[in-house]
Every structure is written in structure tokens, then in C-alpha cells.
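Structure first, commentary second.
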Amino acid sequence: MNPSLRLRTLLTLALIGTTTLAACGGKKPPVPSTTPPPSAVTFPGATTPNRPPDPPAPVPEPPPVIPVEPTPITSDPLASLDTDEINRQSPLAPVFFGLDSDSVDVEGQKVLDANAVVLRKYPTWAITIEGHSDERGSAEYNLALGERRALAVKGYLLSLGIAADRIRTVSYGKEFPFDPGNNEAAWAKNRRGHFVVTGK
Amino acid sequence: MTHRTLFGAVALGLLALAPSLPASVRADRFHIASEDLDQQKPPTEVVVNIVGTEGRTPRLAVAEFMVTGDEATKAAAGTVSQVLFDDLEFEREFSMVARTASSKVPGAAAESIPYTTWNELGADAVLTGTVTQSAATMTMDIRIMSVEQKVSTFGKRYACPSRDPRYCAHTIADEIHKELFNLEGIARTKLAFASDRDGERLGGTIEERSIKEIYISDYDGGKQMRLTPHRSLNIAPTWSPDNRFLAYTSYTSGFPDVVVQSIYEARAATRPAKGTPNSQNYLPAFSPDGARLAFASSRTGNFEIYTMRIDGSELRQITTHPGVDNAPTWSPNGQQIAFTSDRAGQNHIYTVSADGGPVTRLATGGGKVDRPTWSPAPFNYIAFTAEVPGGNHVRMIDLITNTVTTLTTAFQGSNESPSVAPNGRHIAFVTTQWGKEHIVIMGRDGKLERRVTTAGNNKYPSWSKR
């Protein structure tokens, strides 16, 4: 590390130190004193036997009722969620592919038709389509295959009128399998176009 | 901003600016001082004696080193001895007398070597080491004595830092190969690869995904260390010819892009291909003169091969075809590029002039192929991945005879992503034979494997260029 970098590190550490101290309560807001105010002075033996009864304590007025703000009736639990919570509910189903294939079959088209309905319902959502492959085949080849799959899914959505600027694509090849198994059931799950909601 | 994210961002920024490595790695760039012990010896004459016995590979014994020094020095000298043995064995210019046999012979000074005993053990030559500690340095006198003629064929004194015995051994091995066989050894070469060994979870996704970072190590797996601080997916590193930069494919921005990073200097990494979500870039490869990078890009909506200067200027599109063109590698003289394409249906390997133009398909046999790696001169072969039922094998095609050889027949599992050593005699690749993905090296004849990695999944090996 060269001297100027070292200096920058020290300064940075010092800065962090200061911030931490401040937030850990170096200064405290003023606390109101809890000592009761002095009561009226009374003298022993100065009581008056014929003292009239105290007036009744005033009945406190009831506090004004603040009506509860009405909750809008909605059947849409997704609207209030952040993108991670949305993605956990997988509102956009994945599209699965055949071995070595990047063509969206009839089943996949149905899935995308349904996804397009969701995307029209939430016109502010931005999405990323991830292209994935199974573990067979070689790593470099699968990077390209994953991208072809992602682009095929995007192309179909564009044909349904979803705006291109809402859709990003990325290929992960065989780097991130959804099912780590080494069998046809796992491979079938891993050959997919996977949807992620990235903005709302 | 909370403290934690503030600290995280600052720490990450510093790491990105200064990928500072332990001193032991930087020391690799410095030469270990050495001097000839026997100025008067006629080396070439004696070399003939050692090699000449009935034309077979000479048998070399590594004698127990004579060490004067503290326990740490003895341990360091032991490491030198073991690593040197392994280096010499792997290059196969010598046939090594097993250490179980040689360790039973007491170490001796040069004047009192028990030649009769070594002769009985079948040794044509014996390597002796005399080690003296002085402060943090080991002075090592290394000799190779002809058992028959009882004369030195190699003798050098090395001033080795005690804290880096592996590099000391690698230096000695390279100098022995150079001096006795005029061979460029690979003992000081390095490997780069991608690994998920840290088990760190990738951010920005709800899926359980591990980050992959770029690591480097000695060719034999020594001194493994993480080079990149991105905490994202980083794959397919490749060395610059001067071994000072790595280019790789990084998903740090959320899409794949080519990143060029200095290994030893604190300077910011660059993105010469200027990737965007709509212009994604993969699998860079340095030209042999280090001036250009070849890479694959889908910027037109389809994978094509491009080259550019390493600063991103002078972009050239090399291929123009609706098929997927990918995984470029340069010929040793830099005039051609080999790549994969599925333009004929399935993936084949093609060659093209580095300026573009007509392509030539290589006859690599049946099955999909991938990741061509052109051997250095004077060899003229391309190693590649070939898909076979149940996985992949590493194969090579001789470009003179067009003969295809499978190199990994002795391996279980799937074997892929070959990279060739700078002297052309060895190959690194990925195998699943031990369950997870691991890097292994072996001779280009498929023999004498050495496992390089043991932790996590490791893939996309790249052998340094020297």
C-alpha cells in the first residue's frame, strides 16, 4: 500500500470511529428533571375544623375521538411489498426449456402470457430475465445458451407489447443451478428463464 | 447510512483500489540471488553423461539436506526439498528415486557423498543441499552430482528468504531445467481460477447463491489467494503475457463485462469493453503481444467475436454470423484466433485471421466442443472441451496432422476448460472426479496428475504465460 493510500485508510478509519462514537451516545438530549415541585407549605396545628368540604373534582372531558383512517379495500397484497418480498412470492413464473434449446414452447408461451398480464397490472415494475442452463455441457457454451434463453423470453414479452425498457437480461450459464441434483428432474428445473422484479 | 453499510462501502472501495497482496506474493517478482558454485565445470560435457545411460530418463535422487540453523530454518529447508522434488518429478526430465528410499540415506557434505549407496538405489545423479541460516536468509548450496563420475553437473548457491521456501524451490527447479536441459520450466508459473470457496452469499437476490471470486496460486496449488473484492460472480480469468494483469468476466454491475485488473499494483480496474445492460461482454483473451484483447459480445443481440486494444480503443468485429461465436483464443504468433461457433448446427472450433475474414472449421470429431486453448509455440495444438455421454472430456487436436487425442480418459466425472502451460508440456483443467469442481494439472499426455484445489468449487483455470 502506498503512503497516500495508507493515509487515506487512516483518515477513513478515524472518520468511521468518530461516526460510531457519535451514534453510540456521546451526547445525550436534556432529560427533564423528575423532582416534584414544592407543595404548598402547611403548618402543623393550623388546621381549621369547620373547613367547608372540597368541591367535587371536575369530571375530565372525554378526549375528542379521532376517526380511524379507512383502509382502502384491496385484493392486492403485492402492492405494498418491497421487491425482495415480491420475488419471494414469485408472481412471474419461470419458463422451462428443453435440452440445448432456446425456443419457448407452447407451455412456456402460456406462462409468459400470464406473466404479461401481471406486468401490465404493475406497469412500474422493472424486471430482469435470467437465463440458466443445467450442469451438462461446458461452462462457456452454457453462458451463451443462457443468454439465448433470456433473449428468447424477452422477445416473446416484447411481442406481447411489454416495453423493452422494463426488461433486462443476464445469462448465468450453469453457475447458479436452482436444484443441485445430478438427475433429469433437477436438470429440467435448471434449464430456465427466471424472472426477478428489480424495480417497482 | 448506518455504520455497517458505511464501513462496508468504504472497505470495499479501498479493496478495489488496492488489491494489496501479502509480501510473499510480491516477492515473487524479485529474483532470488544465485551464483555458480563451480565456475570451472564444463556443464555440457557432464550433462551428456547423466542423460546418456542407455538413452533412458536419468534417475535422480534428492538427498537429505544438511541444515545448520534453528527449527524454522530446518522446516523451511524441508519444504524446499519437498517442493523441489515435486517440481522435478512433474516436469519428468528426471525419473525420481522415491523419497521413501532416499530419505534412509543420511545427508552428507559434497566431499563424502555415499555414491555406492546411491548407485545401489539406481540413481544416475544425486541432488545435495547444504543450508546455512543467517538471520532471515537461508544460504543454500545446491549441487547435482553424477553418481558414476562423482563430479558436479550443477552447482549454485542461493540466498533464499526463509519465509518463502516454496518460491526458492521453484527457482532452483527452473534453473536446473534451464541449465541441464535448456528447458523453460513451469515451477514459477501461476494459475488463476474462479472459486466459491468463501461460501459468501451473493447479495441482491433472494436465491441461495454463492459469490465467485478470482483466485491465483502457484502452478502446484501453493499460495492460493483471493484477488478480487467484488462479492459477485466473477469467472474466466486470463493472464496478460507479462503476468501483471488478469482480464476476466465480472457480473459486478449486474451483467457480464470484461474487467482488466492489475495483480500487483494499486490501480483501479478498467472495463475496456464498456459494457452496458444491452452490450454484454464475455471471455476475454490477451493477444500474445499483450496489446489487444479478444472477447465475445452480444451487443448486436447475438454472440460475435471482437478485438480491441486493452484501453478499449480500436474495436474490431472479427465474426459476423447469425450463429453463436464464442470463447476466443489467440494463436502463438497472434495472427489467428480460434473460437467456437454453432453456425453448422452444433458447436465446432473455427479459426479466423485476427483481422477477420473467412473461417476454417477444425475436424475435432463428433460431439459439441468448447473452450479452445491454443498451445504456445513450438507446439501446434489446440486443447478443448468435448461433450461426451455423461459429461465432458479434455481433448487436443494436432494442427499439423489433425489428429485428435482424448487426454482425460483416466478421469471420472466431467472434465473441461483446459489451459496450457507456457512450455506447452502440461494442461490445467476442471474435473468433477472428486465430487465438486476442482482444478487439476497433468502432462499433455494425460499422465501424472496433480490436484491443485481442495476447497469449494473451482473452475475456469488459466495458466500464466510465463
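A note on names: the letters A, B, ... follow the listed sequences, proteins ahead of strands, and every chain is numbered from 1. Here the structure is a predicted model, which is why all the values come from computation and not from measurement.
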Legend entry - Shortest non-hydrogen contact from A:A144 toward B:F303: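 Minimum heavy-atom separation between A:A144 and B:F303: CA-CZ, 3.7 Å.
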
Inset, instruction - Looking only at non-hydrogen atoms, find the nearest pair between A:V170 and B:G254 and report the distance. - result: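 Scanning both residues completely, I find the closest heavy atoms to be CG2-O, 3.6 Å.
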
Legend entry - Verdict with reasoning, A:L143 to B:T249, per side chain to side chain contact (heavy atoms under 4.5 Å, CB included): CA-CA 11 Å; A:L143 288 174; B:T249 307; 5.8 Å; no

Report which part of [X] has an atom under 4.5 Å of a heavy atom belonging to chain A: side chain, backbone, both, or neither.
X      : answer
B:D196 : neither
B:T385 : side chain
B:S210 : backbone
B:N457 : neither

Relative to chain B, which segment of [X] carries a heavy atom at a distance below 4.5 Å: side chain, backbone, both, or neither?
X      : answer
A:D100 : side chain
A:T83  : neither
A:R88  : both
A:E85  : neither
A:Y172 : both

Inset, instruction - Verify, without hydrogens or angle tests, whether B:E416 (side chain) and A:E140 (backbone) share a donor-acceptor contact under 3.5 angstrom. - result: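 No; judged by distance alone, with no hydrogens or angles, the pair does not exist.
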
Inset, instruction - Spell out, as yes or no, whether a donor-acceptor pair under 3.5 Å connects the side chain of B:Y251 to the backbone of A:S171. - result: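 Pair found, side chain donor or acceptor close to backbone of A:S171.
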
Inset, instruction - Assess whether side chain to side chain contact (heavy atoms under 4.5 Å, CB included) is satisfied between A:V196 and B:E207, documenting all intermediate values. - result: CA-CA 10 Å; A:V196 180; B:E207 311 293 338; over 6 Å; no

Legend entry - B:Q412 atom CD, neighbour heavy-atom count above 12 within 6.0 Å: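 No, CD of B:Q412 has 12 or fewer neighbouring heavy atoms, counting only those of other groups under 6.0 Å.
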
Legend entry - Residue B:R209 excluded, over 12 heavy atoms near CZ under 6.0 Å: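 Result for CZ/B:R209: enclosed.
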
Legend entry - Salt bridge flag under 4.0 Å for residues B:K459 and A:E135: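 Answer for the salt bridge query: no.
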
Legend entry - Full working for side chain to side chain contact (heavy atoms under 4.5 Å, CB included) between A:Y141 and B:E387: CA-CA 11 Å; A:Y141 173 84; B:E387 193 170 322; 5.7 Å; no

Inset, instruction - Compare all side-chain heavy atoms of A:F176 with those of B:T205 and state whether any distance is below 4.5 angstrom. - result: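 No; the side chains remain at least 4.5 Å from each other.
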
Inset, instruction - Flag the one option from A:T198, A:T128, A:N87 with the top tally of heavy-atom pairs under 4.5 Å to chain B. - result: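 Ranked by contacts with chain B, first place is A:N87.
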
Inset, instruction - Decide whether B:Y282 and A:E147 meet the rule of one side-chain donor and one side-chain acceptor closer than 3.5 Å. - result: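 Checked: B:Y282/A:E147 side chains pair up, N/O donor to acceptor below 3.5 Å.
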
